[in-house]
Amino acid sequence: MPLYSSQPLKIYNSLSGEKEDFKPIHEGNVGMYVCGPTVYSNVHLGNVRTFMSFDVIFRYFLHLDYKVRYVRNITDVGHIVDDVDEGEDKIAKKARLEQLEPMEVVQRYTVDFHNILKAFNFLPPSIEPTATGHIIEQIEIIKKIIDKGIAYVANGSVYFDVVKYNETNNYGILSGRNIDDMLANTRDLDGQSDKRNPQDFALWKKAEPEHIMRWPSPWSDGFPGWHLECTAMSTKYLGNHFDIHGGGMDLKFPHHECEIAQNEACTGQAPVNYWMHANMLTLNGKKMAKSTGNNILPGEILSGDNNILSKPFSASVTRFFMLQAHYRSILDFSDDAIVAAEKGYKRLMEALDALPNITAGNSSSIDFAAWKQLCYDAMNDDFNTPILIAQLFEAVRYINLLKDGKETISANDLADFKTAVNAFVYDVLGLNDDKAADGDSDKLDGVVNMLIEMRNQARADKNFALSDQIRDQLIALGIQLKDGKEGTTFSIQ
């Protein structure tokens, strides 16, 4: 029996503003689309947090035995600076400034994106389509919307008629905005725009003579609007109606609102059952911005090459830090916060290192099945990773009690406990054991254990001065010794 049949899941749906029971369109299968990066610069930390949230969601669906088709796109054309319809494409602008071909810019920052996500132990999506690879599909969708009378051609560009669409549909259904209020609060068109209404958005833009990225279409040589690509790629790979669409909170309006309108105008039905949005990441209590210097790149965290953090931090520690907050809550990144997260991460990994050495008894003095269900309850409640982490620290407490002989565990419970702990830490949260990944860890273990043996011999010889000297010098190096019934162990602080 698949695990999902015994673990009912609730998801917060941005469309309804409530947690809803998750019921896939096709039993045992999940179709999920997540808006990917616009590859005109290095991926920033806020993006990493958003993609990490959906990486964990993807992982948990797989853990529950669902078959998942996870589509995450690459935006390599059409994203206008400042997210408006007039102006310069972000990639074309970068190419002009650096005197490169646009696809050189795309390649450089797509590689950076993949390298960073690999460092942070992301699972690759099932499909990673590009906007430029789906120009034909986007043109066909535009034709259908024009035929329905909900788009119009003006001077070689094509615009979606929001007012016409709203006569039979609800533009604002996702963001909760009212079209009349939006029109009233928007400045009048200045006569320079080809739009009929201020809220109309571009499906196709005619390229100016100096515009580098352009494709032929029935209306002009130009390029597709930013919102259109996700409609084309999500429906091509997941169908006109699929389970989950995700992205950052900043995409809810206008990007996702426009996607809904495009889909409904084209197909006559709502495209998505569950809309999911990850919240923003701040830095030292303020919005991250390159212009103010309040900014740090993911690679700078790993290298320590920054003026914000006190030292480098590993990808696993950074990942652990981010997952300590729920994906829908704002998370503030600071040196103090990640230092505290590093201590917690090391505590968790030390307990996992000790777990293989736990011996089984005749019976269990702790209800391990109840603990495991609490882990599932956390993730089943809209993927609540901070509550799951709290339960994992309860497991750390159990491990220490078992190690000290203060609690007992049966052989069957021990096997189940080991499997569950490893599954939640490594498979679901996607953490790595930095110590295990370090090629020098075995050498370090050997040296410290040799010093422990020397200290034990010194104590046996009543040479307490030498014993204390070994202990104190190890502490000075950040290595803490702990004497217990089963001998002396160490941890790295």
Side-chain angles (χ1 to χ4, degrees), residues 1-16 18-34 52-70 123 125-126 238 241-246 272-276 323 326-328 348 351-352 355 358 360 363-399 402 407-431:
M1 184 189 302
L3 192 53
Y4 61 76
S5 62
S6 62
Q7 297 296 340
L9 173 64
K10 283 185 178 290
I11 293 177
Y12 182 87
N13 191 348
S14 298
L15 196 61
S16 65
E18 297 178 351
K19 290 179 187 176
E20 300 177 6
D21 293 332
F22 176 67
K23 295 179 181 177
I25 296 168
H26 304 288
E27 184 180 351
N29 293 267
V30 177
M32 181 169 74
Y33 184 91
V34 173
M52 188 179 295
S53 298
F54 289 100
D55 180 64
V56 170
I57 289 165
F58 179 35
R59 286 170 174 274
Y60 190 58
F61 276 127
L62 293 174
H63 177 75
L64 291 181
D65 298 322
Y66 281 105
K67 183 178 179 181
V68 187
R69 177 174 288 179
Y70 174 24
L123 296 178
S126 315
L238 298 174
H241 185 210
F242 55 95
D243 296 303
I244 295 171
H245 194 312
V272 178
N273 283 350
Y274 304 89
W275 285 89
M276 300 181 68
L323 297 179
H326 191 266
Y327 77 90
R328 285 193 290 112
L348 178 61
L352 265 67
L355 187 54
I358 300 295
S363 62
S364 297
S365 56
I366 297 172
D367 190 343
F368 290 99
W371 167 83
K372 183 170 78 170
Q373 187 55 50
L374 287 172
C375 293
Y376 280 111
D377 290 346
M379 290 302 290
N380 292 338
D381 183 18
D382 193 33
F383 311 98
N384 201 321
T385 56
I387 299 299
L388 172 61
I389 288 171
Q391 290 302 326
L392 290 172
F393 278 111
E394 189 69 0
V396 169
R397 189 175 70 85
Y398 293 159
I399 291 167
L402 290 166
E407 299 286 356
T408 59
I409 187 168
S410 69
N412 287 340
D413 279 350
L414 180 58
D416 194 31
F417 184 51
K418 287 179 178 178
T419 299
V421 169
N422 282 286
F424 283 115
V425 171
Y426 298 123
D427 298 341
V428 175
L429 294 182
L431 299 175

Measure the shortest side-chain to side-chain distance between [X] and [Y] over non-hydrogen atoms and say whether it is less than 4.5 angstrom.
X	Y	answer
Y60	N380	yes
F393	L348	yes
F61	F383	yes
F58	V30	no
D377	N384	no
M276	I57	yes
E27	Y4	yes

For E394, all residues meeting side-chain contact (heavy atoms from CB on, under 4.5 Å), sequence neighbours excluded: W371, Q391, R397, Y398
Contacts of type side-chain contact (heavy atoms from CB on, under 4.5 Å), residue T385, not counting sequence neighbours: V56, L323, M379, L429
Option passing side chain to side chain contact (heavy atoms under 4.5 Å, CB included) with I244 (candidates Y70, F22, W275):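 Between I244 and the candidates, side chain to side chain contact (heavy atoms under 4.5 Å, CB included) is satisfied uniquely by F22.
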Please name all residues satisfying salt bridge (Lys or Arg N to Asp or Glu O under 4.0 Å) with [X], sequence neighbours left out, ordered by chain then number.
X	answer
D367	none
D381	K19
E407	none
D55	R59, R319

Q373 CD to S6 OG distance, which is reported to the nearest 0.5 Å: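 Rounded to the nearest 0.5 Å, the CD-OG separation comes to 7.5 Å.
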Nearest-0.5 Å distance, CD of residue E20 to CG of residue N13: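 Reported value, rounded in 0.5 Å steps: 4.0 Å.
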Residues in ring-ring contact (aromatic ring centres under 6.0 Å, His included) contact with H63, at least two apart in sequence or another chain: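 Y376, F424.
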Mind checking what makes side chain to side chain donor-acceptor pair (under 3.5 Å) contact with [X], not counting sequence neighbours?
X	value
K10	D21
D65	none
H241	N273
Y12	none

List the atom pairs, donor and acceptor, that lie under 3.5 Å between side-chain atoms in residues 411-421 and the rest of the protein, sequence neighbours left out.
| residue | atom | partner | partner atom | Å |
| --- | --- | --- | --- | --- |
| D413 | OD2 | S364 | OG | 2.6 |
| D416 | OD1 | K372 | NZ | 3.2 |
| D416 | OD2 | K372 | NZ | 3.2 |
| T419 | OG1 | A415 | O | 3.0 |

Backbone N/O of I25 and side chain of D243: donor-acceptor pair under 3.5 Å: yes
Main-chain N/O of T408 paired with S365 side-chain donor or acceptor, under 3.5 Å: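 Judged by distance alone, yes, a pair lies under 3.5 Å.
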Minimum heavy-atom distance S410-A360, with the two atoms named: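 Shortest heavy-atom contact: C-CB, 3.9 Å.
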Derivation and outcome, side chain to side chain contact (heavy atoms under 4.5 Å, CB included), residues L3 and Y66: CA-CA 8 Å; L3 192 53; Y66 281 105; over 6 Å; no
Full working for side chain to side chain contact (heavy atoms under 4.5 Å, CB included) between M32 and Y274: CA-CA 9 Å; M32 181 169 74; Y274 304 89; over 6 Å; no
Side-chain H-bond candidate by donor/acceptor type, Y327 with D382, under 3.5 Å: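 Side-chain D/A pair, Y327 to D382: present.
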Enclosure of R69 CZ (heavy-atom neighbours >12, cutoff 6.0 Å): no
